[in-house]
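A short write-up of the structure that comes next.
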Amino acid sequence: MGKDTIADIITSIRNADMNRKGTIQIRSTNITENIVKILLREGFIDNVRKHRERNKYFLVLTLRHRRNRKGPHRTILNLRRISRPGLRIYSNYQQIPRILGGMGIVILSTSRGIMTDREARLEGIGGEILCYIW
């Protein structure tokens, strides 16, 4: 695990989905909890529970899988990290990109917390584009 916790979450979820793992365990921080709440609300994951181990908190995610998938490379989740520590990407609410014509979501970090692109457009605020999920 590196210093970029959002990239670590995305990589862990992507790897677990490619290898058809049912659950994964990620380190719990405020940012990770907010991103996982969005993933749960949007239906990309099935269940989340908080787990404590030696004074450290972890989130245990239950991933959603299709039954008749063939091959390890066909994934349900497609996640892409956009803004990173070396290059921050910001957008106002009018220029937030639409993923697959609105089928995917963009997760933003705004002045009112971490939210999806739809919520940011309704609130009329922009922010840092964290990742795309479709």
- Item | Evaluation steps, side-chain contact (heavy atoms from CB on, under 4.5 Å), between Met115 and Ile125 | CA-CA 10 Å; Met115 60 179 65; Ile125 55 175; 4.1 Å; yes

From the list Ile129, Asn34, Ile133, side-chain contact (heavy atoms from CB on, under 4.5 Å) with Ile107 holds only for Ile133

Between Ser28 and Tyr57 (side chain of the first, backbone of the second, donor and acceptor by atom type, cut-off under 3.5 Å), is there such a pair? no

(Q) Under a 3.5 Å distance rule, please check whether Arg98 uses its side chain to pair with a backbone N or O of Gly104 as donor and acceptor. (A) no

Distance col, row Asp4:CG vs Arg81:CZ, nearest 0.5 angstrom, shows 4.5 Å

Can you find a heavy atom in the side chain of Glu53 that is under 4.5 Å from one in the side chain of Gln25?
yes

Checklist entry - Sub-3.5 Å donor-acceptor pair from the side chain of Gln95 to the main-chain atoms of Asn92, do we have one? => result no

> Between Lys50 and Glu33, is the closest basic N to carboxylate O distance under 4.0 Å?
Replying inline: yes

CD1 of Ile6 to CZ of Arg84, rounded to nearest 0.5 Å, is 13.5 Å

Partner of Leu63 under side-chain contact (heavy atoms from CB on, under 4.5 Å), picked from Thr23, Asp46, Ile13, is Ile13

One should read off an interatomic distance between Leu40 CG and Asn47 CG, to the nearest 0.5 angstrom, of 7.0 Å

* Asked: Any side-chain heavy atom of Ile24 sitting closer than 4.5 Å to one from Val60?
  -> no

| said: So Ile114 and Leu108, do their side chains get closer than 4.5 Å, heavy atoms only? | reply: no

Does Thr11 reach the main-chain N or O of Asp8 with its side chain, forming a donor-acceptor pair under 3.5 Å?
no

Test side-chain contact (heavy atoms from CB on, under 4.5 Å), reference Glu42, set Ile45, Leu39, Ile38, output is Ile38

Exercise. Answer yes if the side chains of Glu128 and Ser109 hold a donor-acceptor pair under 3.5 Å, and no otherwise.
Key: no

For Leu59, does its backbone N or O pair with a side-chain atom of Arg49 as donor and acceptor, under 3.5 Å?
no

